[in-house]
Amino acid sequence: MKKIILLIVICLQQFGFSQQLTQVSTIDALLSGHYDGVISITKLLEYGSFGIGTFDKLDGEMIVYDGVVYQFKSDGKLYSAEAENTSPFASVVNFISIQSWSFTNINLAEIETKIDSLITNLNIPYAVKISGKYSYVKTRTVPSQEKPYKILAEVTKTQPVFEWSDQTGNLVGFRLPDYMKGINVPGYHLHFISEDKTKGGHLLECKFDRAVVEIMPVYEFKMILPENSEFGKIDFSKDRSYELKKVEKE
Ligand code: ZN
């Protein structure tokens, strides 16, 4: 089985496919309140058909799934993003399943621990896809902001939170190594999208009845940095790890 996957990857590489993660801006820029979009949705899709992020003015959570960009807004509805919309922060890959495992009756913390014990190299990025049947899912989204922008830790104090039972859907995201601190989110960062494409959001908690985890290791990393002068004024010397933890997990 491993040989077949390796052969498929080599063939895809011949046609210009690479296991590359492309990221727009940095998580610390987002944490410090830089919500103006810097890349169009159309351009973002040139770099990958699978991933996560947010939108211009922080208008909802982004889920890039099967080449479609979805927007889960604070009204609790999932939309197909407008092509002319833009993103201030996003991470995408062209996902192919390199390794997969199945689990039953497991929660989010347990499945993350399981994956950590099964992957051989914890110091490279992984794209993570989990197809599941869930007894419980809890997500949040972020509401559209007006200038002057508040920092993200202030915005998320009043974030809309959503809870559902008996769902079928996918988790889309990444497990990133600790050295990406400041650039992206170390550890797991997953967004939910329901099978019927009506629900989504930044995952806070879930319980799986069944889960199929698929991962793709990433060996190439590309950053697209904002060309605006605002980015040049951000103080990146500040350690925002505490803010990130508040924003991502609560
Ligand atoms: Zn998120």
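Counting starts at 1 for both ligands and their atoms, following the listed order.
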Query raised in the report: Short question: side chain of T141, backbone of E61 - any donor-acceptor pair under 3.5 Å?
Result: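 Flag set: sc T141 to bb E61 pair under 3.5 Å.
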
**Report entry** Backbone N/O of G169 and side chain of Y134: donor-acceptor pair under 3.5 Å
**Finding:**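 Such a contact is found between Y134 side chain and G169 backbone.
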
Query - Centroid-centroid under 6.0 Å between F72 and F162 rings - result: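 Ring centres of F162 and F72 closer than 6.0 Å.
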
Query - Proximity of Y126 and Y188 rings by center, below 6.0 Å - result: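 Between Y126 and Y188, the centre distance exceeds or equals 6.0 Å.
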
Report task. Determine the sole option in L176, D239, L244 for which the side chain to side chain contact (heavy atoms under 4.5 Å, CB included) test with K181 is passed. Result ->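 Answer after filtering L176, D239, L244: D239.
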
**Report entry** Protein N/O/S neighbour count - the Zn ion (ligand 1), strictly under 2.8 Å
**Finding:**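 Under the 2.8 Å cut-off, the count stands at 3.
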
**Report entry** Residue pairs fulfilling salt bridge (charged side-chain N to carboxylate O under 4.0 Å, His left out) with at least one residue in residues 99-125, sequence neighbours excluded
**Finding:**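 Matches after skipping sequence neighbours: D116-R175.
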
